[in-house]
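Convention: sequence-line order gives letters A, B, ...; per-chain numbering from 1.
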Amino acid sequence: MLKIYNSLAREKQNFVPITPGSVRMYVCGMTVYDYCHLGHARVLVVFDMVQRWLRASGLEVNYVRNITDIDDKIIKRAFDNKESIGELTERFIRCMDEDAAALGVEKPDHEPRATAYIPQMLELIRRLEANGLAYQTAAGDMNFSVRKFPGYGKLSGKSVDDLRAGERVDVDGTKDDPLDFVLWKHAKPGEPFWPSPWGNGRPGWHIECSAMGSDLLGKHFDIHGGGQDLQFPHHENEIAQSEGAHRCRFVNYWMHNGFVRVDDEKMSKSLGNFFTIREILKKYDPEVLRFFILRAHYRSPLNYSEGHLDDARQALSRLYTALKAVPAEVAPIDWNQSPALRFRQAMDDDFNTPEACAVLFELAGEVNRNQSPVLAGQLRALAGLLGLLTRDPQVFLQATPRNEGEISAADIEALIGQRVAAKQRKDYSAADRIRNELATAGVILEDGAKGTGWRRA
RNA sequence: GGCGCGAUAGCAAAGCGGUUAUGCACCGGAUUGCAAAUCCGUGUAGGUGGGUUCGACUCCCGCUCGCGCCUCCA
């Protein structure tokens with residue numbers, strides 16, 4: 001039985017889908033005005049893993065990950081860059097697709113864009129107005145009346161009276177209450193806008209997810225995920241809007257992944273301490289990054305440093321080394337056998353990927369000891385469920401993501417040829433000199449029964 | 001001020017009321033021309049003070065420290 005930690009209940013709960021055998025899941029994706037950073041990588045990889053495990057568990061999954069392609073930051077960035085909003089967002093959507101693909105993230109079933117859902121947003125706002133939860137300000141904005149929605153704060157554990165709106169940011173004087181948030185912003189001169197019953201304007205921050213979620217998955221669906229920083233106010237407001245408009249429960253299970261940190265501080269755009277995915281991929285294999293993310297539990301903080309990535313790379317090499325030594329027999333996973341059983345237990349326990357990885361390493365040890373193609377096959381198949389160990393071991397071990405200036409495979413092979421000749425005439429000092437030369441260039445030689453192999457350190 | 005989370009061996013990171021987590025690094029041995037890889041062996045880790053218990057890293061309470069949210073953020 002799959003258990004999921006539900007942020008709404010603050011505890012692990014048995015997962016029971018609304019419709020037996022199928023799952024509807026929505027994850028807050030990117031706002032596309034810049035390159036994806038490591039925090040985005042974590043959401044991408046974590047929910048890709050969740051989606052894969054749900055499917056592996058035999059459930060039919062409808063996975064939606066949205067793209068927010070209209071908001072204040074996008075407008076500002078396009079203006080600063082002197083390009084159109086469309087050009088800007090298209091460009092960064094392409095980059096996001098590239099980054100996600102590199103990390104082995106499968107395409108969601110739907111990737112709706114906010115700008116394609118304006119009518120649905122307007123309909124939601126209309127309902128909220130009809131239900132007495134929305135009002136128009138003197139300035140022309142449509143706002144949500146937080147205090148008129150009972151239960152506001154249930155996701156983030158906040159009580160309306162404890163929220164200190166305006167403590168850190170100036171209060172907008174046109175609101176009825178400082179806690180109210182905007183559903184529809186009236187257009188200022190020069191800003192993009194859509195016509196609406198409340199005048200020309202554009203969507204507020206939260207309404208797009210309520211609209212896309214309910215349009216694609218229904219008013220009530222199973223799982224909603226995203227980064228922990230979205231829990232408040234974004235997800236809290238999504239609940240208020242959706243339940244306020246539809247008058248029914250919005251989401252059963254809320255999942256939030258932990259932050260990526262740098263030097264024990266949250267990695268964020270405002271702190272400026274973020275690393276983009278493509279920046280990291282210049283030095284590290286994308287699978288190393290994926291493994292680095294998955295070897296920690298998704299709810300724990302994940303501290304980033306190159307040292308930790310190096311560590312992850314070594315660990316992943318051990319797995320690939322086992323597969324290199326023993327050809328994996330292609331076979332379905334035997335769920336009755338101990339490794340698979342333990343793997344499933346770990347994953348069913350709120351997606352405990354660190355424990356699942358431990359199973360992988362123990363399996364690798366077995367493979368090394370027994371040289372068993374069957375076990376190697378299980379290792380490969382189980383890891384595949386996490387989107388790991390999908391490549392040729394040789395290709396992984398000889399890959400050169402670190403920098404462009406590295407010695408080429410052809411040069412390495414040539415030197416190995418020379419060394420083999422030296423060894424044949426028992427000129428070991430010449431052989432060792434070549435090995436040391438290669439070692440300096442970051443190449444490790446492995447003399448074996450079948451000849452000399454190599455890999456990058 | 002309100003709410004919440006965490007503290008595990010050199011580093012990273014899990015489960016678990018009593019039995020080896022796991023990985024990296026380190027050390028000894030096997031293997032190797034020497035290595036690498038692999039295998040075998042070695043680690044009395046669980047912030048601190050109490051309590052519950054036959055027994056606690058694991059449950060309860062206090063304390064200390066760290067972090068997050070209450071503002072845009074994945």
Side-chain angles (χ1 to χ4, degrees), chain A residues 7 10 27-31 34 36-47 71-73 153 156-159 161-171 179 205 225-234 236 256-261 264-271 274 291-292 295-297 299-303 305 307-319 321-322 324-326 342 345-346 349 352-362 364-365 367-371 397 423 426-429 431-432 435-436 439 443-448 452-455 457:
Chain A
S7 305
R10 274 163 272 273
V27 170
C28 287
M30 273 9 80
T31 298
D34 208 341
C36 293
H37 63 232
L38 243 192
H40 298 116
R42 194 173 192 193
V43 188
L44 251 19
V45 169
V46 160
F47 288 100
D71 95 318
D72 290 2
K73 290 187 294 286
S156 49
K158 300 184 187 309
S159 89
D161 295 321
D162 290 338
L163 284 166
R164 293 187 171 194
E167 166 133 320
R168 294 162 69 189
V169 156
D170 284 343
V171 172
L179 296 176
W205 174 29
Q228 213 163 53
D229 44 359
L230 295 183
Q231 193 168 347
F232 189 90
H234 184 55
E236 194 69 63
H256 294 97
N257 64 273
F259 295 128
V260 175
R261 306 161 146 203
D264 286 319
E265 241 188 352
K266 174 182 168 182
M267 175 184 292
S268 76
K269 299 222 168 155
S270 40
L271 289 170
F274 62 92
F291 175 72
F292 169 69
R295 94 209 284 228
H297 187 85
R299 284 190 282 117
S300 307
L302 180 62
N303 216 354
S305 79
H308 294 158
L309 242 30
D310 287 334
D311 187 286
R313 182 170 175 281
Q314 288 302 113
L316 190 57
S317 295
R318 174 171 165 81
L319 259 22
T321 301
K324 186 184 152 209
V326 183
R342 285 185 47 212
Q345 247 165 32
D349 183 14
N352 191 339
T353 53
E355 182 67 25
C357 287
V359 173
L360 259 27
F361 283 99
E362 285 170 24
V367 169
N368 286 329
R369 274 187 291 278
N370 306 337
Q371 301 288 298
L397 294 167
K423 276 178 64 177
K426 300 249 193 275
D427 183 353
Y428 290 119
S429 66
D432 288 348
R435 197 205 349 253
N436 289 337
V443 175
I444 295 167
L445 296 186
E446 299 177 336
D447 292 335
T452 299
W454 62 275
R455 68 190 165 91

Next on the checklist: From the set B:G33, B:G23, B:C69, return the single nucleotide nearest to any side-chain atom of A:Lys423.
Outcome noted: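 Nearest listed nucleotide: B:G33.
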Next on the checklist: Let's see if you can work this out: which of B:C39, B:A74, B:A21 has an atom nearest to the side-chain heavy atoms of A:His40?
Outcome noted: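 Per side-chain heavy atoms of A:His40, the pick is B:A74.
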Please check the phosphate of [N] (OP1 and OP2 only) for any side-chain N or O of [X] closer than 4.0 Å.
X	N	value
A:Gln228	B:A74	no
A:Arg342	B:A21	no
A:Arg299	B:G6	no
A:Arg455	B:A35	no
A:Ser300	B:A14	yes
A:Asn352	B:A14	no

Distance check, [atom1] atoms only: [N] and [M], in whole angstrom units.
N	M	atom1	answer
B:A21	B:G41	P	14 Å
B:A7	B:A35	P	42 Å
B:A45	B:U20	P	15 Å
B:G18	B:A30	C1'	35 Å
B:A25	B:U52	P	45 Å
B:U64	B:C54	C1'	32 Å
B:G6	B:C24	P	28 Å
B:G33	B:G23	P	28 Å

Next on the checklist: Is it true that A:Asp432 and A:Ser429 share a donor-acceptor pair across their side chains at a distance under 3.5 Å?
Outcome noted: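 A:Ser429 vs A:Asp432: no donor-acceptor pair found between side chains.
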Item to check | Value in whole Å for how far the P atom of B:C11 lies from CG of A:Leu302 | outcome: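 Those two atoms, CG and P, are 17 Å apart.
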Item to check | Residue whose closest nucleotide on RNA chain B lies nearer the 5' end, A:Cys28 versus A:Phe232 | outcome: A:Phe232
Next on the checklist: Here's a test of your reading of the structure: between A:Ser429 and A:Val359, which maps to the more 5' nucleotide of RNA chain B?
Outcome noted: A:Val359
Quick one: the side chain of [X] and the base of [N], do they pair up donor-acceptor inside 3.5 Å?
X	N	result
A:His297	B:A13	no
A:Arg435	B:A35	yes
A:Asp229	B:C72	no
A:Lys266	B:C67	no
A:Asp432	B:G33	yes

Next on the checklist: Looking at every heavy atom in both A:Gly225 and A:Phe47, which two are closest together, and how far apart are they?
Outcome noted: CA-CZ, 3.7 Å
Item to check | Strand partner of B:G6, provided both Watson-Crick or wobble distances fall under 3.5 Å | outcome: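 Checking every strand shown, B:G6 finds its partner in B:C65, with both distances under 3.5 Å.
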Item to check | Pair partner, B:C27 [Watson-Crick or wobble, under 3.5 Å] | outcome: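 Matched B:C27 with B:G41 under the 3.5 Å cut-off.
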Checklist entry - Do the non-hydrogen side-chain atoms of A:Thr452 and A:Glu446 ever get within less than 4.5 Å of each other? => result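 No - every pair of side-chain heavy atoms lies 4.5 Å or more apart.
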Checklist entry - Can a cation-pi geometry be assigned to A:Lys423 and A:Tyr428, taking NZ or CZ under 6.0 Å from the six-membered ring centre and within 45° of the ring axis? => result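 The answer is no; the distance or angle limit is not met.
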